[in-house]
Protein chains: 2
Amino acid sequence: MSPRPQNSLKRISAKLGVSMTTVSRVLSGQAGKYRISEETAKAILDYARKENFTPNPIAKGLRLRKTNTIGLVIADVSNPFFASIASEITHTTRDHGYSIILCDSQENLAIEKQSIELLWNRQVDGMIICPVGQSSEHLARYADERRRIVLVDRVFPDIGLPYVSSDNFSGGKLATEHLLDHGHRRIACLQGLRGTITSQTRVKGYEAALTACGVPFDPALIVGDSFDEQGGYLDTKLLLSTSPDITAILALSNLLALGALRALAEEKRRVPEDVSIIAFDDQPFLAHLSPPLTTVAQSARAMGGAAVKILFERMRVADAAGDANKAGLLLPVSLITRKSVHQLS
Amino acid sequence: MSPRPQNSLKRISAKLGVSMTTVSRVLSGQAGKYRISEETAKAILDYARKENFTPNPIAKGLRLRKTNTIGLVIADVSNPFFASIASEITHTTRDHGYSIILCDSQENLAIEKQSIELLWNRQVDGMIICPVGQSSEHLARYADERRRIVLVDRVFPDIGLPYVSSDNFSGGKLATEHLLDHGHRRIACLQGLRGTITSQTRVKGYEAALTACGVPFDPALIVGDSFDEQGGYLDTKLLLSTSPDITAILALSNLLALGALRALAEEKRRVPEDVSIIAFDDQPFLAHLSPPLTTVAQSARAMGGAAVKILFERMRVADAAGDANKAGLLLPVSLITRKSVHQLS
DNA sequence: GTGAAAGCGCTAACAT
DNA sequence: ATGTTAGCGCTTTCAC
């Protein structure tokens with residue numbers, strides 16, 4: 001009933017009249033090292049090729065304690081930003097001969113914890129985690145494994161785990177400065193999932209820009225508790241009723257901006273004439289919106305690529321002596337100016 | 001150096017003074033079946049819980065020839081449509097205790113083939129494939145494995161593999177009829193990656209609607225060879241110069257529609273007054289475009305969910321007698337009317 | 001009620 | 001230049 005009557009070293013060695021060891025050696029490219037005769041090697045290689053044989057990675061994994069898999073836990077793959085990270089990670093790990101076991105925590109801390117346990121349990125060789133980002137204790141517990149884990153996007157610099165993220169502080173600051181430069185003073189902030197580290201950092205940048213400009217910081221202008229479109233809609237509605245004097249909105253995700261747009265249209269506020277908008281995470285469609293949105297762009301692919309690079313570097317020196325210096329990387333962000341910010345006279 | 005001094009049945013049995021067999025039985029819930037004494041069972045259970053022990057799935061996989069993993073090969077995870085499929089598949093398989101090994105073929109047939117080989121080789125228990133869709137021979141070779149493979153989205157009904165997709169023919173027909181009803185006769189079609197089965201099927205629906213309405217079918221109106229924004233832009237530019245008399249465009253993906261919008265704006269053609277547009281694959285942002293786009297919606301999540309359901313059903317009866325009847329499923333699509341189609345007088 | 005032993009497919013000492 | 005053997009961690013037949 002087994003679909004492919006699985007071949008094995010044993011079967012091959014029997015068929016060819018050599019020992020398993022020899023077959024194993026030849027097939028793992030160690031023919032030279034063990035001076036296996038040309039003809040023996042060739043016979044084995046030919047036969048393996050003909051039969052399309054590859055050693056069973058499960059058995060190999062058991063024996064070698066190495067599975068050639070990387071665990072990836074992502075907060076939400078259906079979010080295009082995370083999907084791009086995942087895509088890049090999948091491609092680059094593939095190039096190194098590793099497969100990805102994918103877990104999606106659905107922005108849920110409990111699932112995130114379980115997933116990490118599950119992946120270690122499955123003996124992954126390393127792990128890339130894009131955490132929900134509201135809590136880090138469960139991650140700090142893995143500081144010992146630091147060489148085999150890297151955090152991405154929602155990172156915690158102080159728990160001893162290598163990480164790569166965007167320079168979110170600068171992002172928040174850059175966007176706010178842009179608004180300030182255009183004469184805006186009452187600037188609201190749609191912060192997304194409350195307590196998420198990326199949001200918090202961006203909000204800090206927002207505050208810093210305000211303070212540097214001598215504009216009083218009004219906590220009532222910071223709202224929201226999710227990153228999705230509906231959240232942006234609801235929070236903007238609320239904002240418009242409690243603080244009708246706002247002239248600009250900084251939306252910490254593009255989905256949030258979409259929701260804001262919807263609420264604004266419903267309330268008959270024109271964009272950007274009545275209220276300006278800047279969104280986070282540039283996406284192709286943002287240039288086609290009405291109006292085209294000014295955004296803070298960060299490179300998801302660059303983040304994914306960097307994470308893989310760091311992980312492999314660390315795995316390679318896993319048993320080297322010294323504690324490699326803390327590998328934290330913050331990728332630059334950039335402001336993409338389009339037509340959603342109005343110059344106030 | 002090993003990060004977690006891995007526990008094992010052997011270690012536990014030694015510690016507890018019982019045999020590995022007993023530990024194994026208790027831990028796999030077979031205590032009752034083998035009449036293992038309450039106290040022995042409890043001791044084992046308690047200890048395992050305290051030590052946070054779970055049997056090594058690699059060893060288990062080797063022994064049982066079952067890895068509790070499902071291989072997922074997706075044409076492009078960074079495409080939100082596919083990302084949603086992947087997301088749903090990840091969640092539902094997780095509920096059944098399976099993990100996902102993710103491969104992204106990058107719309108590349110060679111990588112797709114390799115990935116399928118790789119996954120079988122890794123002893124996945126089943127596989128969900130969203131193929132590039134331009135060729136099916138390499139898939140047909142797996143007809144024997146039909147019970148453990150299901151095709152998704154870009155499917156081939158005639159190669160003996162179970163599948164789930166959208167009713168693309170109706171989608172193409174529905175959209176075209178809508179255009180026809182609004183008085184359009186010169187309707188262009190941005191077909192995306194040439195030869196992809198979903199495209200071909202939608203184009204057939206387009207043709208059928210045209211024919212039924214007595215409108216001559218003009219091959220020059222069908223253009224394109226990729227699903228991305230740039231393709232949509234280029235092809236629309238081309239179209240506008242070769243067939244300037246078109247009044248409507250049917251874009252077979254939303255990225256394509258975005259490109260068309262850009263080209264149209266550049267050529268100073270107003271949407272929808274000068275040319276109407278209908279796009280495929282509804283996404284939240286399409287409602288916020290200028291103008292809001294009328295689209296053909298298909299449910300990526302429903303497709304993913306259905307694929308998992310079919311796969312598990314088939315895996316469950318894998319060794320049942322009769323050949324289950326061909327499991328092919330076509331999910332309904334729907335037209336979402338917004339403001340990108342103009343009524344011609 | 002419990003255990004000993006074989007074996008899943010592989011690699012790495014340790015022979016020769 | 002090649003083979004023998006043990007063992008990775010687990011389940012399962014067979015034995016008591």
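A, B, ... follow the sequence lines: proteins, then strands. Residue 1 opens every chain.
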So what does [X] hit on the nucleic acid, given a heavy-atom distance under 4.0 Å: a base, only sugar-phosphate, or nothing?
{"X": "A/Ser37", "answer": "sugar-phosphate"}
{"X": "A/Ile36", "answer": "sugar-phosphate"}
{"X": "B/Leu64", "answer": "sugar-phosphate"}
{"X": "A/Ser28", "answer": "nothing"}
{"X": "B/Thr22", "answer": "sugar-phosphate"}

- Query: Per the end-axis method with five pairs at each terminus, what is the bend angle of the helix from C/dG1-D/dC16 to C/dT16-D/dA1, to 10°?
  - Reply: 50°

- Query: Between A/Phe53 and A/Tyr47, does the ring centre distance come in under 6.0 Å?
  - Reply: no

- Task: For DNA chain C, note the earliest and the latest nucleotide, 5' to 3', having some atom under 4.0 Å of a heavy atom belonging to chain A.
- Result: C/dC8 to C/dC14

- Message: A/Lys66: which residues meet the salt bridge (Lys or Arg N to Asp or Glu O under 4.0 Å) condition with it, sequence neighbours left out?
- Response: A/Asp125

I need the [atom1]-[atom2] distance between [X] and [N], as an integer number of Å.
{"X": "A/Gln123", "N": "D/dC8", "atom1": "CD", "atom2": "P", "answer": "14 Å"}
{"X": "B/Arg11", "N": "D/dG7", "atom1": "CZ", "atom2": "P", "answer": "13 Å"}
{"X": "A/Tyr34", "N": "D/dA1", "atom1": "OH", "atom2": "C1'", "answer": "12 Å"}
{"X": "B/Lys10", "N": "D/dT11", "atom1": "NZ", "atom2": "P", "answer": "15 Å"}
{"X": "B/Ile12", "N": "D/dC10", "atom1": "CD1", "atom2": "C1'", "answer": "12 Å"}

- Taking atom types as modelled, is there a side-chain donor on B/Arg122 or A/Thr69 under 3.5 Å from an acceptor on the other? no

- Query: What about A/Thr21: does its side chain form a donor-acceptor pair under 3.5 Å with the base of D/dT4?
  - Reply: yes

